[in-house]
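By convention in this document, chain letters (A, B, ...) are assigned in the order of the sequence lines, proteins followed by strands, and residues within each chain are numbered from 1. Heavy atoms only: backbone and side chains are in, while hydrogens, waters and symmetry mates are out. Every value quoted in this text rests on a predicted model; they were computed, and no experiment measured them.
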Amino acid sequence: MTVWSRHIAALARRTVDGVVVLGPLATAPRFVDDPAASVWDLLAAPAREDELVETLAERFGAERSEVARDVAAVLAAWEADGAVEREPER
Amino acid sequence: MTGDERAWVPVLVAHDLGQEPPRSAVPLDAARWSRLLAFAALQRLQPQLARAVWSGALPATADQRAEAAGAHRRAMATVLLLDRALLDVADRFERARVRFVVLKGAAVAHLDHADPAARAYGDVDVLVPPDRIDRAAACLAATGARRAYREPRPGFDRRFGKGMSFRSPAGLEVDVHRTLVLGPFGLAIDLDELWAGTEPFTCGGRTFMALDRPRRFLHACLHGALGRASPRVVPLLDVARTAPRNAEEWSSVAELAARWRAEAVVASAIDAARDTLAWDPPTAVVDGARRLRPGRTEQRWLATYRGGGRSSARLSLAAVGAIDGWRDRLDYLVALVWPTGSTLRSAVTRAGRRLGARSGGRRTGVAGRT
C-alpha cells in the first residue's frame with residue numbers, strides 16, 4: 001500500500017472549513033473542504049493510504065469504500081500539484 | 001474607522017488576544033453584515049471574522065457563515081501566493097548574495113500565531129542592508145517586476161530611503177526596506193542595531209530569518225502608530241501579539257526604543273492597541289509604558305504623522321532633523337527638491353510650490369514621496 005507524505009515545499013493554510021494548499025507544481029492554490037481536508041492534517045506525518053481511510057471512516061462514521069474514493073481523489077489532485085508525494089513502501 | 005466598525009474589532013480579535021469576546025445575541029442584518037465583511041477585507045481581518053462567526057462569538061446566518069469562510073479562504077490563497085513569491089525572492093537574493101530578513105506578514109504569521117492562518121497579509125516585505133539595496137532592486141527588476149516610484153537621486157535609497165516597492169508581473173507587491181518606516185523615526189533607527197537581533201522560522205521547507213521578538217514589537221509599534229494617519233487594526237494586533245511577556249523582554253524593548261528615539265511611538269501604539277482592540281496588556285507592558293519618557297523632539301515628530309495634516313512633504317521636512325551632519329542633510333534636501341532629471345526651472349517651481357507661502361496662511365513642506 002502506498003505511503004504518502006507532504007512535499008517539503010508545499011504551502012498550506014487551514015481555514016475554518018477546509019485547507020488551502022499550494023503545491024510546487026500548481027499554478028493556483030487548491031481548496032479542499034472538510035472532512036476531506038483532514039487528509040492534509042493526517043499527513044503531518046507520512047501515512048499509508050489504507051491507514052488514512054481507516055482513520056477517517058472511523059472518525060466520521062462513513063462507509064469505508066466511500067471514504068477510500070474521496071481520499072484517493074484528493075491525493076491524486078495534490079499529487080498533480082506536487083503537494084504530496086509517494087514514499088517507498090514500508 | 002467609524003464607531004460601528006470600532007465596536008466590531010474587540011469581537012473579531014478576542015481569540016487572538018486570549019480574551020473572552022463580547023457576545024451578541026442575534027445575527028447582523030444584511031446591511032450591517034455587508035459593511036462588516038467589507039471592513040474585514042479592508043483591514044485584512046478575514047481570519048478573525050471567520051473564526052468569530054464559526055466559534056459562535058458572532059451569531060450569523062448560514063449564508064453569512066459561508067461568506068465568512070469564503071473570505072478566509074480567498075485571503076489564505078493570496079497569502080500562499082505571497083509565500084511562494086517570498087521563496088522565489090529568497091532564491092534570487094541568495095544567488096546574488098543579498099542578505100535579507102522577512103518583515104511583518106509572513107514573519108508574524110509563522111512566529112507570533114499558534115496557527116499562521118490567523119494572519120492575513122497583502123504583500124511580501126523584506127529588509128536588506130543598505131549596501132545591498134541596489135543589488136536587491138536589480139534582482140527584482142530581472143523578474144519583470146516594476147518599481148512603484150523612482151529614486152530621486154542616485155544613492156538616495158541606500159542613504160536615506162525607507163525602501164522601494166515593486167509589483168511583479170503577476171500583480172504581487174514586494175517591498176524592499178532599508179529601514180522600518182518613512183520619515184524621521186525611520187532615519188533615527190540604528191540599522192546595525194536593527195540587524196543585530198534575528199530569529200528563524202520555516203516556510204515552504206526553507207528557513208528564513210525574521211527580526212527577533214523585541215524588534216518585531218518595535219516594528220509593529222512603528223507601523224501601528226505611524227503607518228497611516230488613522231491606525232489600521234492588523235498592525236495593532238501585531239503590537240499585542242509581539243508584546244513583551246515579562247520585565248526582561250520589556251527591558252530589551254525599552255533600551256532599543258530609547259536609542260531609536262521611539263518611546264513616543266511605543267507609548268502611542270500601546271494606547272492605540274488598548275483602545276482599538278480592547279486589549280488587556282501584560283503587566284510588564286503596562287508598568288513599562290508608564291516609565292517611558294519621550295522627548296520633545298519625538299513628540300514633535302509624532303505629530304507630523306498624525307491627523308489630516310499628514311503628508312510626505314511634512315514627513316520629509318521633519319526627517320531632516322533625524323539626519324546627522326549638515327552635508328548629509330543638504331544632500332537629502334537637494335535630492336527631494338531637485339531630483340535627477342528635473343530642470344532648474346522645474347525644481348524651482350516644485351520648491352516654490354511646496355516650500356512657499358500661500359495666500360490665507362503659511363504652508364510649509366518639502367517635496368517627497370508617499
Chemist: Report, as yes or no, whether the 6.0 Å neighbourhood of atom CD1 on I8(A) holds more than 12 heavy atoms from other residues, nucleotides or ligands.
Modeler: no
Chemist: Between A77(B) and V20(A), what is the shortest heavy-atom contact and its length?
Modeler: CA-CG1, 4.1 Å
Chemist: What part of V19(A) lies closer than 4.5 angstrom to a heavy atom of chain B: side chain, backbone, both or neither?
Modeler: neither
Chemist: Would you name the heavy atoms of L22(A) and L80(B) that are closest together and state the gap between them?
Modeler: CD2-O, 3.5 Å
Chemist: Side chain, backbone, both or neither: which part of V79(B) has an atom under 4.5 Å from a heavy atom of chain A?
Modeler: side chain
Chemist: Inter-chain polar pairs, chain A versus chain B: which donor-acceptor atoms lie under 3.5 Å apart?
Modeler:
residue: I8(A); atom: O; partner: G205(B); partner atom: N; Å: 3.1
residue: R13(A); atom: NH1; partner: D83(B); partner atom: OD2; Å: 3.4
residue: R13(A); atom: NH2; partner: D83(B); partner atom: OD2; Å: 2.9
residue: R13(A); atom: NH2; partner: Y121(B); partner atom: OH; Å: 2.9
residue: D17(A); atom: OD2; partner: R73(B); partner atom: NH2; Å: 2.9
residue: G23(A); atom: O; partner: R84(B); partner atom: NH2; Å: 2.7
residue: A26(A); atom: O; partner: R84(B); partner atom: NH1; Å: 2.9
residue: A26(A); atom: O; partner: R84(B); partner atom: NH2; Å: 2.8

Chemist: Of all residues at least two apart in sequence or in a different chain, which pass the side-chain contact (heavy atoms from CB on, under 4.5 Å) check with A210(B)?
Modeler: A107(B), L111(B), F201(B)
Chemist: With sequence neighbours left out, what residues match L42(A) under side-chain contact (heavy atoms from CB on, under 4.5 Å)?
Modeler: L52(A), T55(A), L56(A), R59(A)
Chemist: Please identify each residue that fulfils side chain to side chain donor-acceptor pair (under 3.5 Å) with R64(A), with sequence neighbours left out.
Modeler: E54(A)
Chemist: Rounded to the nearest 0.5 Å, what separation is found between the CG atom of L11(A) and the CG atom of L81(B)?
Modeler: 9.0 Å
